[in-house]
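Working notes for the structure below.
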Amino acid sequence: MKITDIIKQELIVSDLEARNKKGVLEELVSHLALQEGRVNREELIKVLLEREKLGSTGINDGWPFPMAS
């Protein structure tokens, strides 16, 4: 299985403007909310920030790959 098999291309954001973790997560969640529509933006940001406290979900040179359960 390839990562491209599970990630929708329209959900990829390649031109983030934020320069800090919280801002990046806010931008990504806003984009997701626009695409998917049924996202509780505030709750998702809260959960992702809590997850980041456990350890960064950035990969390679800081590419954000936020995840939470």
Side-chain angles (χ1 to χ4, degrees):
M1 178 182 283
K2 297 178 185 177
I3 196 165
T4 53
D5 295 335
I6 58 174
I7 295 178
K8 296 179 185 176
Q9 186 172 1
E10 62 271 13
L11 295 179
I12 297 172
V13 180
S14 61
D15 57 349
L16 293 171
E17 294 181 15
R19 297 290 174 231
N20 61 53
K21 189 178 293 190
K22 185 173 187 250
V24 167
L25 291 174
E26 288 172 346
E27 277 188 64
L28 292 172
V29 169
S30 292
H31 181 76
L32 176 64
L34 284 173
Q35 296 295 319
E36 296 295 320
R38 18 175 235 280
V39 173
N40 181 330
R41 188 179 175 279
E42 291 76 25
E43 182 64 21
L44 183 53
I45 290 169
K46 177 183 164 191
V47 170
L48 290 172
L49 287 171
E50 287 295 319
R51 168 56 185 87
E52 283 293 309
K53 288 180 184 177
L54 299 174
S56 177
T57 58
I59 57 174
N60 289 338
D61 293 323
W63 286 80
F65 199 77
M67 62 193 100
S69 57

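This chain uses plain numbering: 1 for the first residue, then up along the sequence. These figures come from a predicted structure and were not determined experimentally.
Here the shortest heavy-atom pairing between His31 and Ile12 reads NE2-O, 4.2 Å.
Panel note: side chain Glu27, backbone Ala18; a donor-acceptor pair is recorded below 3.5 Å.
Residues that satisfy the side chain to side chain contact (heavy atoms under 4.5 Å, CB included) test with Ala33, not counting sequence neighbours, are Val39. For Lys2, there are no salt bridge (charged side-chain N to carboxylate O under 4.0 Å, His left out) partners at least two apart in sequence or on another chain. Applying the side chain to side chain donor-acceptor pair (under 3.5 Å) criterion to Gln35, with sequence neighbours excluded, gives no partner residue. Here Glu43 pairs with Asn40, Lys46, Val47 under the side chain to side chain contact (heavy atoms under 4.5 Å, CB included) rule; sequence neighbours left out. With sequence neighbours left out, the salt bridge (charged side-chain N to carboxylate O under 4.0 Å, His left out) criterion links Lys22 to Glu26.
Contact annotation: the side chain of Leu32 approaches that of Leu44 to within less than 4.5 Å [non-hydrogen atoms, C-beta and beyond].
Annotation: salt bridge (Lys or Arg N to Asp or Glu O under 4.0 Å) contacts involving residues 10-20, sequence neighbours excluded, are absent.
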